[in-house]
Structure formats: structure tokens, C-alpha cells
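Let me begin by presenting the structure, written as C-alpha cells, before commenting on it.
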Amino acid sequence: MSAADWGVVPRFRGTDGRRRTVSPDVERAILEAMGADAGAAPPPSPVRLVSPGDPLPLPGELVLEDGSSLGRAERLPPDLPFGYHRLLGDDEELLLIAAPPRCPLPVERAWGWAVQLYATRSSGSWGMGDLADLRELGGWARGIGAGFCVVNPLHAVAPNRPQEASPYFPSSRRFRNPLYLRPELVPGAGDEVRSLAARARQLNDDRLIDRDRIAELKAAAIAAAWTDAPRGGAFAAFRAAQGSALDEWATFCTVAERFGGDWHDWPAELRTPRGAAAFAQAHPERVAFHAWLQWLLDEQLAAAAGEIELVGDMAIGFDPAGADAWSWQEQLADGVTIGAPPDTFNARGQDWSLPPFVPHRLRQAGYRPIVETIRANLRHAGGLRIDHIMGLFRLWWVPAGGDPAEGAYVRYPADELLAIVALEAHRANAIVIGEDLGTVEPGVREALAERGILSYRLLMFEPDAARYPELALAAVTTHDLPTIAGLWTGADLEQQRRASLAPDVAGLARLRQPIAGLVPADADVRDAVLAAHARLSGSPALLVAATLEDALAVAERPNLPGTTVEQAPNWSVALPAALEEIERDPFVRRLASVLAR
């Protein structure tokens, strides 16, 4: 046996085409993080992918997902429903995943907006965009012909200060950030809430978003409404349907308010959900409050989804100090983080400070962490963008304290993970978009297409839009790349220099070239925006998206990778125009007409 038997890839090809060999020290560190023994075989998998009519992998009783038993048989029934079924053998139990072959596909070509919701403020916002703004945006967008809105992750952060700004470093991917609530729409909101709203709207005068102050004001407003909030009815039904997962999240928040946002620092008896159960029982009112917040978010998100098809965004991971890591610590590797090896854009590699799941432990847990996460992100969504979808195939593990370049790929059971994605997408009747940018190994895009998962194609990376696949979402840029205005005017280069980065001038020129080939060198930035999106509209891609930053010719990108909060206000700069102004802007409508072609 070797590290490769546990999924560690001993050799890989870098973006420069050279084959690299993983050092024995890195292999040992990764095996130790997995709790694996290189001299032993991995435990047998308790998971099987099955289809109707297949012979049973072992003798036993077949129990369907709904709890009904089909007794003992030699084969699966020809009318086996899609789902997660159990085979109870004499000596072992297997999880049988019966999934559709493909995810649902778009029923027609469509265009939409890519939205950083926190940045999309209206005159009614409390300092940042919220779900009421998303509802307004969706209704307006649908009215001018848009078919969808792609929204940044709305994942939950810990209730402590300072509030985490990055949507891609959440405490939990299964729940949502209460900062996105509109307090006036909370049942029971009264005069005190309206008074706080007037103070909160003064924050709209500053483009820099002050999440801590917003959290303070919204917490006061929502606490006032909670005093008279009904504990039964729709809230009680929601809480019962969400089950133990919601209770764990609410417990985490309650403990975090008392002992801080990092569960590693809590008293020993509280460092597991089971251990914290007594604490939750001693504080039922506060636990119920945090569960109630999630019900409010669910209601306001549902209202926004009633206006336009929402495409959610699921981050690749979560904060190791946060709620998901607390809940699933037994399935996580200890002493490693995930990132990316050196590539064209980052010669040093990347460490994202996110903990990875251990593949064999995920299987032993029946993939519950993955199923719960995908299902939660598809709630009220017509689609889901999965960040760094290559992570379903392999992830770059970096041993603690090591150089990000000195890591190794660890393989995951992609067939099983893709089956779960297809099954959950089928149940939600939602499309799936895979963010397949960066280092993509051969065969991955083909496997995704076979499952009906749309590719993510960028004009800045691939100028020949006519060659895009039909199963794709086409766009010009992303939140981590320059805006068109930033490239066209040179403002992005200056922003990097102000952040004390050493910008890759040649690399920025390559990103600019696909747009430069469409308009004269002295063209106005808005002409460049129109030309770039006209090129995308003529591509075969089923979906085309434009960012609101490009629609407003904003020079700042939402996130400048590789910087700290002291260097750049990442995820914290609002759009320069209020939502009401965006809706009236003639250029925005002109861009919409180009996209509609």
C-alpha cells in the first residue's frame, strides 16, 4: 500500500507543462492529517452508485429513503426511485445512491446579471444591499428581459465582531447571513425599527460598507421584533423541517456569543455539538432566536426568488473556526488546508486557509455534509454555481506551516459526488454551473458536460467566444479579476500598486487584449463594455451574464486576491449608484438590449 491508495496523487503536471513529484515529507504529512496508515488499505467504501434493475451488491434488506422496506431481493426493482437508499446486509450496511444521469438544463437561452448583493444598495438599504433589494432588482431585471440573477454566496458568518466580509470564508455554507435581512419586513417590526432604519440609511452615504455598524443596528431592530414574535405557526414548521442541522447552527451562535467565534477556544465540553447540547437546553430562548433569524431569511429569500430565477453561489469551503467545521470535525483533515498550486497568475501558489474533507470519512458519513450543503444552497434557487468545481475531483492540500507550492493533490470520489449534485439538482429542478477556471485536469470538463453541468467561460481568458460550448455560462470577468473599466483605464494596475502588490503588467495586458480587439484603442470604456458583451451574446453559450460593476463602468474589482483588509477593502465597496438610479440608467438599459440579442 502507498499514499496513492489513500488518494494522494504522487505526480502531477503543472501549468507550465512540467511533471512534478510530491515529496515524501508532504505525503507523510497528508496521510497523518487523514489519520491514514500508508501500510494499510483504506477502509472499504460503504457507498454504491446504482440504477434500477441492478443486481444487489450483497444479500440484504433494501430500505428506501422514505423508510419503506422492500425486503430481501436479488436485484433492485425496475421502478427504483431516485434517492439515498440503504442495503442492510448481514454484516454491513451500504448506502445506495440512485441518481439521474444529468442535471436539469436551461429550457432556453437567457441573459442575466451577476450581482454582489452587499454592494447593491437602494435608498431603503441599511448600509448594504439585502434581500429586499434583491427582490426589487429581480423584478426590474425580469421586466427588461433578464432571465436570471447570479448572486454572491449568502452564507452565514459567526455573530461576533468584526464581521467576516468575504462571502467565500463563511462559518456555515448551510445557512444565511442575517445582515441580508430587511428589518422593516420582519413580522412585529414597529416604531423602534423604523427609527433605527433612519439612522442606518445614513450609512448609504459612504461607499465603504461598515458591516459591524450595520450588524449593531440590525441586531437592535430584530431583537425588538423578536420580543413579540410568535413561536409557533410557520416558524415552528420551518424549524421542525430543518431538524438537527438548524439546531446545531443556532447552538453554535449562542455559544459563540458567550465564548467567541472560534470553537477551538471554547470550554472543552462545548467543542462538539453533542457536548454543547446541555448548554443549548439551558439557553432555549437564544437558540430559538438564531433559528428564527434563519426562518426570516428563508422567507425574504423566497420572496426575492418569486421575482426572477436566482442562481446561488456555493463557496468551496468554510472557516475552520466556524460552525460547519465544528459540526463536521470528525470528517475533516487536521493540520492541512486547501488552496492551489503555482500557476500563470500566482507563481507562489495559494493557501485558502480552508479545511478539507477526508475522502474516506465523507463516505463513512454517507456524504451527509455534502448532501446537506448542496440541498441548502438549492433552496429557493433555480440554479447553483459551484465554486472551484474541480474540487469534486481533486483538491490541493497544503500541510500546516508549509509553502503553498509544496502541497499535493488528493483525489475525491468524483462519480459519487457528481451523482449527488445531479440528484439534488433534479429534486430542486435547478441548473448547475461549475466554476472550472484555473488548473483543470484533462477529462474534467468532459465529465461535467456529461452530467449536464454548465462550464464557466470568460472572454478575458478565451477570446474566441464562437467556440464556447453550448453548455456554458459566458461572462467577461469575475469578482477576482479586473472589471472592464479597471483594465481599460489602467485603474486596476494602480489599485494593485496602492495595495503594495507587484502587478503582472504583461498578464493584465493579456486580459485586456480580447476586449482591445473589439474597439479602437481610444474608445470610451462604455463602448468597450458593449462590444465585449455583444461578442458574448453571439456565442453558442446557453447563458450570458454581465456584472453590475461593468454595467456601471466601475473601476474597482470586488476582490483583489492576495491582499489583506489593510491593503484593500475587499468585498466592502458598494456600487456608486443606488438601485433606483441603476434602474433608470440609459446605459444599463442599452447594455441589456445588447445582451438580449
Just wondering, do [Y] and [X] contact through their side chains at under 4.5 Å, heavy atoms?
X: I374; Y: I420; result: yes
X: L179; Y: D130; result: no
X: P57; Y: L94; result: yes
X: M314; Y: R385; result: no
X: C149; Y: V311; result: no
X: L384; Y: D313; result: no
X: T120; Y: D133; result: no

> Can D66 and S68 be counted as having a side-chain donor-acceptor contact under 3.5 angstrom?
Replying inline: yes
> Under 3.5 Å, is there a donor-acceptor pair linking the side chains of W328 and E372?
Replying inline: no
> Quick one: side-chain hydrogen bond (donor to acceptor under 3.5 Å, both in side chains) partners of D319, sequence neighbours excluded?
Replying inline: none
What do you reckon, are the aromatic ring centroids of [X] and [Y] less than 6.0 Å apart?
X: H290; Y: F252; answer: no
X: F175; Y: H155; answer: no
X: F169; Y: W352; answer: no

Between [X] and [Y], is there a donor-acceptor pair closer than 3.5 Å when you use the side chain of the first and the backbone of the second?
X: R182; Y: Y180; answer: no
X: R174; Y: R375; answer: no
X: W571; Y: E164; answer: no
X: W266; Y: G260; answer: yes
X: D54; Y: V50; answer: no

>> Whether D90 and R72 form a salt bridge (side-chain N of Lys/Arg under 4.0 Å from carboxylate O of Asp/Glu) is what I want to check.
In response: yes
> Do E416 and R48 sit within salt-bridge range, that is, some charged N less than 4.0 Å from a carboxylate O?
Replying inline: no
>> Would you compute the distance between atom CG of L270 and atom OG1 of T254 and round it to the nearest 0.5 angstrom?
In response: 11.5 Å
When you measure from the centre of the six-membered ring of [Y], is the NZ or CZ of [X] under 6.0 Å away and within 45° of the axis?
X: R211; Y: Y118; answer: yes
X: R394; Y: Y409; answer: yes
X: R231; Y: W226; answer: yes

>> Working note: L58 + L87, criterion side-chain contact (heavy atoms from CB on, under 4.5 Å); need CA distance, chi angles, decisive distance, verdict.
In response: CA-CA 8 Å; L58 56 84; L87 180 59; 3.9 Å; yes
> Does the side-chain contact (heavy atoms from CB on, under 4.5 Å) test come out yes or no for M390 and D436, once each step is laid out?
Replying inline: CA-CA 6 Å; M390 292 84 75; D436 52 354; 4.0 Å; yes
